[in-house]
Amino acid sequence: IYRVLKPGQYFAAYEWCMTNSFDPNNQEHQKIKAEIEIGDGLPDIRLTGKCLEALKQAGFEVIWEKDLAAGSPVPWYLPLDKSHFSLSSFRLTAVGRFITKNMVKALEAIGLAPKGSQRVQDFLEKAAEGL
């Protein structure tokens, strides 16, 4: 990207990063990270500092960066919280997820959903749990 940008142009990105709270020696942290990577089809999620350093090594000048989850008035994970009930996000509640899982399973069984739909639903659910 740095090579093809015209001089003086800007580049903006949104990147999945691990915060400094991530402890690579903590088994639970490793499990959560793996669930997110697998469920969201991500490569190895790096620490924020490593991502910023890679940009600088490529030649970019980082003029602004922010962890959008830090200091947010609403927790970023609220839509994924199964204990939080909302009619607008019913499908994300524990009951909604249960219904969705079984509906996908039934639709695949009768041929209305492609083979593998249940498998995709399972790993997306794993990502939601990790998040």
Side-chain angles (χ1 to χ4, degrees):
I1 294 170
Y2 183 79
R3 271 186 317 126
V4 298
L5 278 178
K6 293 180 182 176
Q9 296 298 302
Y10 293 91
F11 166 69
Y14 180 90
E15 182 71 30
W16 287 79
C17 299
M18 302 305 292
T19 70
N20 290 333
S21 298
F22 174 72
D23 177 1
N25 299 314
N26 182 314
Q27 294 285 41
E28 184 65 16
H29 287 197
Q30 286 289 351
K31 178 181 175 281
I32 291 167
K33 180 178 179 277
E35 287 174 343
I36 294 167
E37 290 168 345
I38 291 168
D40 289 319
L42 297 170
D44 184 27
I45 304 173
R46 312 282 181 177
L47 290 169
T48 302
K50 294 276 187 190
C51 292
L52 293 170
E53 187 56 37
L55 287 168
K56 291 174 187 174
Q57 286 180 0
F60 284 101
E61 173 190 357
V62 177
I63 58 174
W64 185 80
E65 57 89 9
K66 181 178 180 170
D67 179 348
L68 297 176
S72 174
V74 176
W76 65 268
Y77 53 82
L78 189 62
L80 299 169
D81 183 356
K82 291 193 296 188
S83 65
H84 176 77
F85 184 80
S86 167
L87 289 177
S88 64
S89 60
F90 175 75
R91 63 187 168 74
L92 300 173
T93 64
V95 174
R97 287 183 186 186
F98 177 80
I99 291 170
T100 300
K101 179 178 182 162
N102 286 295
M103 185 181 304
V104 170
K105 188 176 185 177
L107 291 172
E108 184 176 336
I110 62 173
L112 289 176
K115 184 174 179 164
S117 294
Q118 180 61 45
R119 186 169 170 251
V120 170
Q121 196 277 334
D122 286 342
F123 72 75
L124 290 173
E125 180 69 22
K126 183 65 79 177
E129 289 298 320
L131 290 167

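Note that these values count all heavy atoms, side chains included, but never hydrogens, waters or copies made by symmetry.
- Under the rule for a side chain to side chain contact (heavy atoms under 4.5 Å, CB included), the partners of Ala69 that lie at least two apart in sequence or sit in another chain are Asp67, Trp76.
- Remark: side-chain polar atoms of Glu108 are paired, donor with acceptor, to backbone N or O of Gly116 under 3.5 angstrom.
- Put simply, the side chain of Gln118 does not reach to within 4.5 Å of the side chain of Leu107, judged on heavy atoms.
- Summarising the geometry of Ala113 relative to Ser117, their closest heavy-atom pair is CB-OG, 3.7 Å, with the distance given to 0.1 Å.
- Checking side-chain atoms of Asp40 against main-chain N and O of Leu42 turns up no donor-acceptor pair under 3.5 Å.
- Here the closest heavy-atom approach between residue Cys51 and residue Cys17 is recorded as SG-SG, 3.5 Å.
- Residues Glu28 and Asn26 approach most closely at N-OD1, 2.8 Å, considering heavy atoms.
- Few gaps surround CZ on Arg97; more than 12 heavy atoms of other groups in view lie less than 6.0 Å from it.
- With rounding to the nearest 0.5 Å, the separation of CD in Glu53 from NZ in Lys50 is 8.5 Å.
- Closest of all the heavy-atom pairs between Ser72 and Val74 is OG-O, 2.7 Å.
- The environment of CZ in Phe123 is crowded: more than 12 heavy-atom neighbours from other residues, nucleotides or ligands sit within 6.0 Å.
- For the atom pair CG (Asn102) and CD (Gln121), the distance works out to 9.0 Å, reported to the nearest 0.5 Å.
- The closest side-chain heavy-atom distance from Tyr10 to Glu61 is not below 4.5 Å.
- Counting heavy atoms from C-beta on, the side chains of Glu65 and Leu52 come closer than 4.5 Å.
- Both Leu112 and Ile99 sit in one connected hydrophobic cluster of ILVMFWY residues. Membership requires side-chain heavy atoms under 4.5 Å apart, directly or through other members.
- For Asn20, the CG atom sits in a loose shell: 12 or fewer heavy atoms of surrounding residues, nucleotides or ligands are nearer than 6.0 Å.
- Side-chain heavy atoms closer than 4.5 Å link hydrophobic residues (I, L, V, M, F, W, Y) into clusters, and following such links, possibly through other members, connects Val62 to Tyr2.
- Taking all atoms of both residues into account, the shortest heavy-atom contact from Glu37 to Ile45 is OE2-N, 2.8 Å.
- Rounded to the nearest 0.5 Å, atoms CG (Leu131) and CH2 (Trp16) are 4.5 Å apart.
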Open item on the list: Assess the residue pair Lys101 and Asp122 against the criterion (side-chain contact (heavy atoms from CB on, under 4.5 Å)); give the C-alpha distance rounded to whole Å, side-chain angles, the decisive distance to 0.1 Å, and a yes or no.
Closed with: CA-CA 8 Å; Lys101 179 178 182 162; Asp122 286 342; 3.9 Å; yes
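- By the neighbour-count criterion of 12 heavy atoms within 6.0 Å, atom CD1 of Ile110 is densely surrounded, having more than that number from other residues, nucleotides or ligands.
- Between Phe60 and Leu5 there is a side-chain heavy-atom pair separated by less than 4.5 Å.
- Proximity of Lys33 to Met18: side-chain heavy atoms (C-beta onward) are separated by under 4.5 Å at one or more points.
- Atom NZ in Lys126 sits 12.0 Å away from atom CD1 in Ile36 (nearest 0.5 Å).
- No option in Glu35, Gln27, His29 other than Glu35 meets the side chain to side chain donor-acceptor pair (under 3.5 Å) test with Lys31.
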